[in-house]
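Letters A, B, ... mirror the listed sequences (proteins, then strands); counts begin at 1. If you're wondering where the values come from, they're calculated on a predicted model, not measured in any experiment.
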Amino acid sequence: MAETITHSYLENTGRYKGILAWLTSTDHKRIGLMYMYAMMVFFIVGVLLGELMRLELFRPGQQFYSAQTYNGIFTIHGIIMIFTVVIPGLAAVFGNFCMPLLIGARDVAFPRLNLFSWYLYILGAAIALSSQFLGNGPPDTGWTFYAPYSIQTHTNVVAAVFGAFVLGFSSILTGLNFIVTIHRLRAAGMTFFRMPLFPWSLYATAWIQVLATPIVGITLLMVIAERWLRIGFFDPSLGGDPILYQHLFWIYSHPAVYIMILPAMGVITEIIPTFAQRRVFGYKAIALSSLAIALVGYFVWAHHMYTSGMSITARWVFSLLTFLVAVPSAIKVFNWVTTMYKGSISVKPPFLFALGFIFLFMIGGLTGLSLGSLATDIHVHDTSYVVAHFHYIIFGGVGFAFFAALHYWYPKMYGRMYNFRRANIAFGFLFVGFNLLYFPQFVIGIMGMPRRYFDYLPQFTLGHQLSTIGGFILLIGIIIMLVNLFSKKGVKAPDNPWGGKTLEWTIPSPPPVENFDELPVITGEPYYFE
Amino acid sequence: MLTEASNFAEGVDLAFKVIFGISIFLLVGITTVMITFVIKYRRSKHPKAEQIKDNTALEITWTLIPLAIALLMFYYGYAAFRPQRDFPKDAMNVTVVAKMWVWSFVYPGNKESNMLVLPINKPVVLNLTSLDVIHSFYVPAFRQKEDCVPGKTNQMWFIPTMIGEYWVLCAEYCGMNHSYMEAKVKVVSQAEYEAWINALPKKTAEPEGLTIIKKNACTGCHSIDGSNLVSTSFKGIYGKESIVVTDGKEHTITVDDAYIKTSIYEPDKDMVKGLPKGVMKSYKGIISDDEVSRIIDYFKSIK
């Protein structure tokens, strides 16, 4: 070992002190944490907006505020949660923090570009949020900005759309950075098929970020051009085509779902072998199914449009492709469960969250099947069934995987442990609250409750009330979890608290500035347990 | 659970049953296996993990089985959907006109109704149109939904198979009163239908002013029959006294030509007390001066 004294990345040794030392740092670990802190603020705002909606929907009729306010709230809830929380999501936080550690690199390929991406992220989020305070009132289009409503409404759509445009650049540059990092900076001897599976999922994600995001960027600019210059792209009263908007929007926004979920699957694939002390079952199938999902995921976008009046050929082709993309997701679930077979399982909080993820993700995936199927989608399209489905995938999936990752890598990030009992209690509240919040929405959706409704028919009352109660149980869970993790310092964490086999567990907690004294040399598979 | 009131409902529900049945089986099965493994192989009972090798045959099996299930589900969804696109030749045609936030139904002979009345067991083709933004015509009891897209006409068809009244809801978000955009579809006997359609008056030529305010969706917020929507009804508005807020100060005005013009071009200038600024957009450059005069003429006629 080298004799040099290495500093933890959390200590300030450079020119600046305090917050400036963070804001000017190009260390991938610090940037990961900076994404996480910003994202948590946005997440909490998004959650509170969601709770405001649940309060209003507790009873039919108007309770606390007007329909216009409600429309503004669900729009900004969607914009915050989609564009500033789950799209950057696990890739920005844990991708940045862990990926160089997992592949045995000192940093990402372009550290300064990485910091620049963070600033673009903050700038984009600030512009999007400014829509609430500037101009003609908060946008009321929904996060999907469907034309021609988004062209005609007088609310401040441009700021929200431009914010999303800037956020897109942050996503593209992060993707580019990760692709180059994974190609160029893997440790000696780490072939692609010796690389851990979280970097594999990030690699698949990064290609989607780079290739799909420009499409939504252009589309959003077209909306701005149409609003300002009255160029008829999408609004028929100006000579445009509203269906064209939907195609362009979903060509990005469907693959964007995989930008969110692939890193989540990757994290779960790291956690399960560690807590089962077993090599992952079907390593190659998991690695390649990430690529398969990324690839086939490009060709299913129009399943959001079965009722838009597309040709019957378009409808059945997209339906068939949608069912094909379900298969690689199923394979991953089988691999995770089989990895537990004859393992030596220790149910610590990260593993508990991973189990929660698998269950909720299965419900999300299986309920997606009736949305991919033509006849059934016609009935439940644009109902609260869809709302429940995508919250199961995005919150139950991406959200719970995020919590799992946070509990898994927290000791590495801060060099401290947290209280396991409180983490388990938080999980209990989150899991029960989550299901009570969203499951009733499947039921009322099948009964015919449309989404984005400020008011509803009396037969949907019970479902909405259960949902609201669930929403507040969930909120308690979030509070317990955050207080447990961030209110006080826990005991000092060992370098490898869980007995993990990947490279991040071979270095100190918290890691030194450039991660590895000497770059590791890889001679075998990543999940090698004796 | 939900009434099956059209010829397609049963097929759609069968597809639901197939998909949900298989899904529940998979969910319960996989969850049980997972929990069993967690309990059986917990560290206290099973301290040493066995390193199991990959098994290609097993992996191929669990790729092919989900693939077969997926194709089966696709087929059921397709089979129930396909006939929905085979439009019958002899069906009656009704045009659905959607606009913010009302439905209207135009029958042959230029007869218009705000309720969709249909004879039982007769195929009907709906021509779906919109005058402003995208709406979506949704009747849960029929398991039918299709968007009303401005600038094009979409179609759906079905046979109502049960006498009764069902909800028509708007399923595509269309602005402020989206959740109030509802109507009823009433399925009746042939005799009852004929009596109803014969009694339905033809659409008479409407005053120019009314056409203009309908075209600009003014009637989304301002009724013409005295009922209270978002804002003041146009019925009896001309010459009425009203309390307005100008630059934060309240005062009373009489609705006259000048005030109507200001309200259309600069809606935020003299806000009716109790309404937020920005609730209405300016129609400057959209409604011409001449059209404003037609609107004023119309207002005078509906005292």
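- No part of B:C148 comes within reach of chain A, as not one of its non-hydrogen atoms sits under 4.5 angstrom from that chain.
- Only the side chain of A:Q246 comes within contact range of chain B, with heavy atoms under 4.5 Å apart.
- In terms of non-hydrogen atom pairs under 4.5 Å with chain B, the most contact-rich of A:S373, A:G309, A:A330 is A:G309.
- Residue B:R85 touches chain A through its side chain alone, counting heavy-atom pairs closer than 4.5 Å.
- Interface check for chain A: of the options B:I22, B:L71, B:T31, B:V18, the most heavy-atom pairs under 4.5 Å are formed by B:T31.
- Checking side-chain atoms of B:N154 against main-chain N and O of A:S308 turns up a donor-acceptor pair under 3.5 Å.
- Per-residue counts of heavy-atom pairs under 4.5 Å with chain B were compared for A:F454, A:W316, A:Y341; the largest is that of A:Y341.
- Taking the six-membered ring where the residue is Trp, A:Y385 and B:F20 present tilted rings, their angle falling between 30° and 60°.
- The environment of NZ in B:K184 is crowded: more than 12 heavy-atom neighbours from other residues, nucleotides or ligands sit within 6.0 Å.
- Using a 4.5 Å heavy-atom threshold, the side chains of A:T322 and B:F74 count as separate.
- Using a 4.5 Å cut-off between heavy atoms, A:F275 contacts chain B through its backbone alone, with no side-chain atom that close.
- Here CE of B:M34 is found 5.0 Å from CD1 of A:I358. Values are rounded to the nearest 0.5 Å.
- Heavy atoms closer than 4.5 Å to chain B are found in both the backbone and the side chain of A:V337.
- For A:V333, the part lying under 4.5 angstrom from a heavy atom of chain B is the side chain only.
- For a residue to count as touching a neighbouring chain, one of its non-hydrogen atoms must lie under 4.5 Å from one of that chain's; by this rule B:V38 touches chain A with backbone and side chain alike.
- Between chain A and the residues B:A80, B:G11, B:G175, B:S282, the most heavy-atom pairs under 4.5 angstrom are made by B:G175.
- The closest side-chain heavy-atom distance from B:E50 to A:R278 is not below 4.5 Å.
- Residue A:Y245: no heavy atom, backbone or side chain, is found under 4.5 Å from chain B.
- For A:Y146, the part lying under 4.5 angstrom from a heavy atom of chain B is the side chain only.
- Taking 4.5 Å as the limit, some side-chain heavy atom of B:K152 sits within range of a side-chain heavy atom of A:I243.
- Contacts between B:D13 and chain A at a heavy-atom distance below 4.5 Å are absent for every atom of the residue.
- Side chain of B:D54 to main chain of A:G282: a donor-acceptor pair is present (N/O by atom type, distance under 3.5 Å, no hydrogens or angles).
- Annotation: maximal heavy-atom pairing with chain B below 4.5 Å, among A:S66, A:G142, A:G240, A:P242, occurs at A:P242.
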What do the steps show when you test B:D147 against A:T307 for side-chain hydrogen bond (donor to acceptor under 3.5 Å, both in side chains), and what is the final call? CA-CA 6 Å; B:D147 294 355; A:T307 68; 2.9 Å; yes
Under the ring pair (Phe, Tyr, Trp, His ring centres under 6.0 Å) criterion, do A:Y306 and B:F81 qualify, and how do the steps go? CA-CA 11 Å; A:Y306 290 160; B:F81 173 73; 7.8 Å; no
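- B:F16 touches chain A through backbone and side chain together, each having a heavy atom under 4.5 Å away.
- Both the backbone and the side chain of B:L67 come within contact range of chain A, judged by heavy atoms closer than 4.5 Å.
- The choice from B:A141, B:A49, B:S179 that makes the most heavy-atom pairs within less than 4.5 Å of chain A is B:S179.
- Contacts between B:E172 and chain A at a heavy-atom distance below 4.5 Å involve backbone atoms as well as side-chain atoms.
- Every residue two or more places apart in sequence or in another chain that forms a side-chain hydrogen bond (donor to acceptor under 3.5 Å, both in side chains) with A:D235 is listed here: A:Q152, A:S237.
- Judged purely by distance below 3.5 Å, without hydrogens or angles, the side chains of B:Y173 and A:N71 pair a donor atom with an acceptor atom.
- If you measure heavy-atom distances from A:I363 to chain B, the contacts under 4.5 Å come from both the backbone and the side chain.
- The structure places NZ of B:K48 at 11.0 Å from CZ of A:F529, a figure rounded to the nearest 0.5 Å.
- Looking only at distances, a side-chain donor or acceptor of B:Y138 sits under 3.5 Å from a matching main-chain atom of A:H379.
- With salt bridges taken as basic N to acidic carboxylate O contacts below 4.0 Å, none links B:E59 and A:K332.
- Side chain of A:R279 to backbone of B:I52: a donor-acceptor contact under 3.5 angstrom is found.
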